[in-house]
Amino acid sequence: MLDIKLIRDQPDAVATALADKGGAELIHEILARDAERRRLIKDAEDLKALRNRASEAIGQARRRGEDASAEQARMREVGDRIKALDAEVKTVDAAIEALLAQVPNVPHPSVPRGKSDADNVEVRRWGTPRDFAFAPRPHEEVGEALGLLDMDRAAKIARARFAVMWGALSRLERALGQFMLDLHTREHGYTEVWVPHLVSGETMLRTGQLPKFEEQLFKTVEADEGRTLYLIPTAEVSLSALHGGEVLAERTLPRRYTAFTPCYRREAGTYGKDMKGIFRNHQFDKVELVKLATPAQGYEELESMVREAETVLQRLELPYRVVERCAGDVGFSAAKGYDLEVWLPGQGKYREISSCSNYADFGGRRVDIRFKPEGGGKPDFCHTLNGSGLAVGRTVIAVLENYQNADGTVTIPPALRPYLPGLDRLTPRA
RNA sequence: GGAGGGGUGACCGAGCGGCCGAAGGUGCGGCACUGGAAAUGCCGUGCGCGGGGCGAACCCCUGUGCCGUGGGUUCAAAUCCCACCCCCUCCGCCA
């Protein structure tokens, strides 16, 4: 969330910055509530000061053996008024927090203006889409023809938008995850972390998944306890919540964490969209990248994170482009972000395979991660960054489509061979 | 699942209902000592919120709150009561 002080001090600047993103209309109401809050706090604290002084005097009087019952009765009343004021403060606090939670992050000045993804800006391209001597097929056809991708049985045992991958394709999925983790931990300075896939509602709130995206989450209930846990829609949730409530030493920043986990998403409201194959499923694997950085490091770390994700595609020799998201498309929590879009010959389009964002202090404030400056001084909120490095399911798609052969087989990208000993092509399942 | 113990500042660890934001230690910062360092000595070292000092930053003053979380008792709660969360030990069960 935004710093209320920023809204207080520069309401017009904030409203202007949110022009493309929305939320500017909330500013006025927040200011009104904030003024009310401060008035109430002042009143309550004045009374508390009065009570503290009186209590002191009562204590002394009683130790002298004097009667202080009149003063005690007076303070009892003051106590009741304090209680009432505190309750009002609490109500207003909750209202402000609810309002503040609806205000999106202010885009970084460098972010291009625009309303939708149509206004996103292509930053660079890498690789040349291969020339096919035949009509390249979409991944679901390639996979199903080989008998390795099995959407029907997945639907049978679960429902639509789930997948079953047999044999070598399952191996490919696993190998890709392994390959990405090794790359990021060995070459990019990330620490591999194994995290819970089910987290509390509190964690979902602190990572901005709730309440806004509740309809996208799978929720579990322990039947006999009635307790709720949520399936993570991305490992970003678990990774970025790890240090919630902590104050980190500046010299330990930036911290770079990566995790390979399944991700669970309801995909509500996407009926009919990307229904074929595994492009948009309820369950998919992803290698997630999360960084905690100082404000001074934040944007530099965003650029390097994008390059780190790109490296995966380069090693796999998959053509892609980098797109910077415009102000209207950058995402609720993000101050700046890039998408990596991989070339899918079966679709004849570049499609998103990674999204890297800097949530800046907006994220750090919400999860409450701060750092203590090296030379002393007040703790300040960390920048939190996250990105996919990469979405494994979509990488499988990219491999199936870009490496497909005329005979229906699929060549294994050379960089992946060490992870798939004895396998250089996907062939029909026996 | 049964029985018991415990959650205090960056960390360890004291703490009679008022004089406790909290002893002591460690760590950290500064200074002294040193050719430089170690050791030693001295000093300093929490966070949030509100009000004010030039409505900026840094800083200062002042008030208030914070001893797992939330309630309660009381003129007054780290200290008493209740609920919840978490951790630990022993027994049972178990991948």
Side-chain angles (χ1 to χ4, degrees), chain A residues 1-14 30-97 100 194 196-206 222-229 241-253 255 292 295-296 361 364-382:
Chain A
M1 61 177 77
L2 285 182
D3 188 350
I4 182 101
K5 284 180 204 147
L6 182 67
I7 295 175
R8 204 142 69 196
D9 296 343
Q10 312 174 38
D12 297 334
V14 171
I30 290 174
L31 285 175
R33 294 298 219 156
D34 181 52
E36 185 186 356
R37 172 175 178 275
R38 286 191 282 169
R39 203 196 72 229
L40 289 167
I41 286 178
K42 181 87 173 72
D43 290 350
E45 291 194 347
D46 285 349
L47 287 178
K48 285 175 184 173
L50 171 70
R51 182 178 65 182
N52 286 345
R53 276 190 312 259
S55 292
E56 177 75 36
I58 291 169
Q60 283 172 9
R62 292 189 50 144
R63 248 170 282 129
R64 287 193 302 266
E66 297 169 12
D67 173 64
S69 53
E71 190 65 358
Q72 285 181 31
R74 222 185 104 219
M75 284 307 114
R76 198 170 320 161
E77 269 173 51
V78 170
D80 289 343
R81 276 157 63 200
I82 289 173
K83 205 169 282 185
L85 283 168
D86 278 347
E88 280 188 71
V89 171
K90 220 169 157 181
T91 305
V92 177
D93 267 343
I96 291 174
E97 193 149 332
L100 217 45
W194 189 89
H197 300 169
L198 289 162
V199 301
S200 65
E202 164 81 18
T203 295
M204 286 298 184
L205 277 171
R206 287 156 73 95
E222 292 164 83
D224 56 338
E225 307 236 9
R227 291 212 294 193
T228 301
L229 288 174
L242 283 175
H243 291 293
E246 298 181 21
V247 181
L248 309 172
E250 182 177 12
R251 74 186 127 77
T252 67
L253 301 175
R255 297 197 186 199
L292 306 177
D361 59 323
R365 187 171 299 105
R366 193 173 51 200
V367 199
D368 188 20
I369 305 177
R370 291 176 296 172
F371 70 96
K372 181 97 175 153
E374 209 51 43
K378 294 245 184 219
D380 193 10
F381 289 105
C382 288

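Here is the naming used below: chain letters follow the sequence lines, and residue numbers restart at 1 for every chain. Excluded from the calculations below are hydrogen atoms, water molecules and symmetry mates; all remaining heavy atoms, backbone and side chain alike, are included.
- Checking each of A/Asp43, A/Val78, A/Ile82 against A/Lys48 for a side-chain contact (heavy atoms from CB on, under 4.5 Å) leaves exactly one that passes, namely A/Ile82.
- Taking 4.0 angstrom as the limit, A/Lys83 places none of its side-chain polar atoms (N or O) nearer than this to OP1 or OP2 of B/rG71.
- Regarding A/Asp80, its CG atom lies at a distance of 10 Å from the P atom of B/rC75, rounded to whole Å.
- Here the CG-CZ distance, from A/Asp361 to A/Arg366, works out to 11.0 Å after rounding to the nearest 0.5 Å.
- Within residues 69-78 of chain A, the residues approached by RNA chain B to less than 4.0 Å at the level of any non-hydrogen atom are A/Gln72, A/Met75, A/Arg76, in residue-number order.
- Heavy atoms of other residues, nucleotides or ligands lying less than 6.0 angstrom from CZ of A/Arg64 number more than 12.
- When all heavy atoms of A/Thr203 and A/Ala241 are compared, the closest pair comes out as CG2-CB, 3.7 Å.
- Using a 4.0 Å cut-off, some side-chain N or O of A/Arg38 falls inside it from OP1 or OP2 of B/rG51.
- Atom CD of A/Gln60 has more than 12 heavy atoms from other residues, nucleotides or ligands within 6.0 Å.
- Taken to the nearest 0.5 Å, the CG atom of A/Asp86 stands 10.0 Å off from the CG atom of A/Asp93.
- Nearer to the 5' terminus of RNA chain B, by closest-nucleotide assignment, is the contact made by A/Arg370 (compared with the other of A/Arg370 and A/Glu45).
- Within 4.0 Å (heavy atoms only), A/Asp46 reaches no atom of the nucleic acid at all.
- Nearest heavy-atom pair, A/Glu71 versus A/Ala54, reported as atom, atom and distance to 0.1 Å: OE2-CB, 3.8 Å.
- In this structure, the nucleotide among B/rG51, B/rC75, B/rG48 sitting nearest to the side chain of A/Lys42 is B/rG51.
- Taken to the nearest 0.5 Å, the CD1 atom of A/Ile58 stands 12.5 Å off from the CZ atom of A/Arg53.
- Across all strands shown, A/Arg53 has no heavy atoms under 4.0 Å from either base or sugar-phosphate atoms.
- Counting only Watson-Crick and G-U wobble pairs whose two distances sit under 3.5 Å, RNA chain B takes part in these stems of three or more pairs: B:1-7 with B:85-91, B:10-12 with B:24-26, B:27-32 with B:40-45, B:46-53 with B:59-66, B:68-72 with B:80-84.
- Side-chain atoms of A/Leu100 and A/Ile7, non-hydrogen and from C-beta on, do get closer than 4.5 Å to each other.
- When each of B/rC75, B/rC49, B/rG70 is scored by its nearest atom to the side-chain atoms of A/Lys90, the top-ranked nucleotide is B/rG70.
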* Structure fact -> Protein heavy-atom contacts under 4.0 Å, written 5' to 3' over nucleotides 6-13 of chain B as B (base), S (sugar-phosphate only) or - (none), form the string --------
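- Picking from B/rG46, B/rU64, B/rG50 the nucleotide with the shortest atom distance to the side chain of A/Ala49 gives B/rU64.
- A/Ile58 comes within contact range of at least one nucleobase, with a heavy-atom separation under 4.0 Å.
- Checked against B/rU64, B/rC49, B/rG18, the side chain of A/Arg62 finds its nearest nucleotide in B/rG18.
- Residue A/Lys48 places no side-chain N or O under 4.0 Å from the OP1 or OP2 atom of B/rG50.
- Salt bridge absent: A/Lys5 and A/Asp9 never bring a charged side-chain N and a carboxylate O closer than 4.0 Å.
- Contact annotation: A/Arg251 does not reach the phosphate of B/rC28 (side-chain N/O to OP1 or OP2, under 4.0 Å).
- One finds the CD atom of A/Gln72 at 5.0 Å from the CZ atom of A/Arg62 (value rounded to the nearest 0.5 Å).
- Judged by distance alone, with hydrogens and angles left aside, A/Glu56 brings no side-chain donor or acceptor close enough to the base of B/rG18 to form a pair under 3.5 Å.
- Summarising the geometry, the separation between CG on A/Asp368 and P on B/rG48 is reported as 10 Å, rounded to the nearest angstrom.
- Which of B/rA76, B/rG71, B/rG50 sits closest to the side chain of A/Arg51 comes down to B/rA76.
- Nearest nucleotide to the A/Pro379 side chain, out of B/rC47, B/rC75, B/rC49: B/rC47.
- With values rounded to the nearest 0.5 angstrom, A/Leu47 atom CG is found 9.0 Å from A/Met75 atom CE.
- Among B/rC49, B/rG46, B/rG65, the nucleotide with an atom closest to any side-chain atom of A/Asn52 is B/rG65.
- Annotation: the span from A/Thr91 atom OG1 to A/Arg37 atom CZ amounts to 12.5 Å, rounded to 0.5 Å.
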